[in-house]
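To start, the structure itself, in structure tokens.
Remember, predicted model here, so these are calculated numbers, not experimental data. Chain identifiers are assigned alphabetically (A, B, ...) following the order of the sequence lines, protein sequences preceding nucleic acid strands; residue numbering begins at 1 within each chain.
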There are 2 protein chains.
Amino acid sequence: MATKSWLTQLQDNGYRLTGARRAIVEIIADSRRALTPVEVYDAARDQYPALGLVTVYRTLEKLEELGLIQRVHQPKGCQAFITAGKGHQHLLLCNKCGRTTLFDGDDIDQFIKSVAKKTGYRITEHWLQLFGLCEDCK
Amino acid sequence: MATKSWLTQLQDNGYRLTGARRAIVEIIADSRRALTPVEVYDAARDQYPALGLVTVYRTLEKLEELGLIQRVHQPKGCQAFITAGKGHQHLLLCNKCGRTTLFDGDDIDQFIKSVAKKTGYRITEHWLQLFGLCEDCK
DNA sequence: ATGATATTGAAAATCATTTTCAATTATAAA
DNA sequence: TTTATAATTGAAAATGATTTTCAATATCAT
Ligand SMILES: [Mn+2]
Ligand SMILES: [Mn+2]
Ligand SMILES: [Zn+2]
Ligand SMILES: [Zn+2]
């Protein structure tokens, strides 16, 4: 999917192109659900058996720096990553299959303004995550 | 603050009242910001010096089970706890002093319904966190 | 092709959390 | 109040996840 563009971006930022990185990038870019470091490790070893888990951590770190992936916070844990969206986005998670979907759309500015007024806070950012069942699972 | 009520609830659920628990409960119930296990440990030892960090973990577990505290997810980490709200609530966090405020208020049902329609998901829950500066810090 | 240096995986180190265990303590019963 | 029982404790060990170290290897500009 976005694999090629990610590899280009790594290279453009002075990082080298290696088999390990190719395998890792491909796995994450093609996944529709959030993956933990170990899940990436297991999946990527099919394509690149010599891969070390350390390299997965190091590559995730770089991809996050470049804004290509983002961490997903869930009740179960907060160590999983998905392809990052462009700009501000909200997250939809399927409780059954784990599928994640990013979306923007009509924002909740109205609501946020009223909260700001009520609480006295100056609100600058927000996180919104919706949980439920995806089209296939419901 | 809520200390007394929490201790009563612990007792009502078959747990014993101990010095360690009193100290831990008091620290969290009185805090206006989210505290990590180690922060609770350090603060509670003023009042109960023999306290062990293990007991902090064990007590946090029980308080969470009883719905008296809840975990707070932040960019920095997801191991901090605050007094839980009653029912469904949203969270407001001050980026400067760390202060957290729970609030309910007009919900964002409208928005959520439109997302459900657009994406085909059946949405059952949501997490909403707002970040900014509190009244004192802004 | 060559050389500078970025990248690698294995092993060791670190850090957070959980488990084990024997001693202590809270509480209910006598 | 004393006693008996089971819950609770902290220390130490175990576990699990992540990071660091390091010598060998691979990438890429020249
Ligand atoms: Mn938004
Ligand atoms: Mn809500
Ligand atoms: Zn699904
Ligand atoms: Zn503040």
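Across residues 35-50 of chain A, not one residue has a non-hydrogen atom less than 4.0 Å from an atom of DNA chain D.
Here the OH atom belonging to A:Tyr15 is positioned 6.0 Å from the CG atom belonging to A:Leu66, to the nearest 0.5 angstrom. A:Gln79 CD to A:Leu60 CG: the interatomic distance, rounded to the nearest 0.5 Å, is 11.0 Å.
With rounding to whole Å, A:Glu61 atom CD is found 12 Å from D:dT20 atom C1'. Counting to the nearest Å, the C1' atom of D:dA26 and the CZ atom of A:Arg58 are 14 Å from each other. A:Gln79 has its CD atom 18 Å from the P atom of C:dC15, to the nearest Å. One atom, NZ of B:Lys76, and another, P of C:dC15, lie 18 Å apart when rounded to the nearest Å.
Take A:His126 and apply the side chain to side chain donor-acceptor pair (under 3.5 Å) test, not counting sequence neighbours, and it matches A:His88, A:His90.
Residues A:Arg16 and A:Arg21 come closest through the heavy atom pair O-NH1, 2.8 Å. Looking at every heavy atom in both residues, A:Ala20 comes nearest to A:Leu51 through CB-CD1, 3.7 Å.
Connection of A:Trp6 to A:Leu17 is established within a shared hydrophobic cluster, with ILVMFWY side chains joined at heavy-atom distances below 4.5 Å, either directly or through further cluster members. Clustering ILVMFWY residues whenever any of their side-chain heavy atoms sit less than 4.5 angstrom apart, transitively, puts B:Ile28 in a cluster other than the one holding B:Ile82.
Phosphate proximity of C:dT7 to A:Arg21: present, with a side-chain N or O under 4.0 Å from OP1 or OP2.
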**Fill in**
For nucleotides 25-30 of chain C, 5' to 3', base contacts (B), sugar-phosphate-only contacts (S) and non-contacts (-) with protein non-hydrogen atoms under 4.0 Å give BBS---

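B:Trp127 has its ring centre less than 6.0 Å from the ring centre of B:His73.
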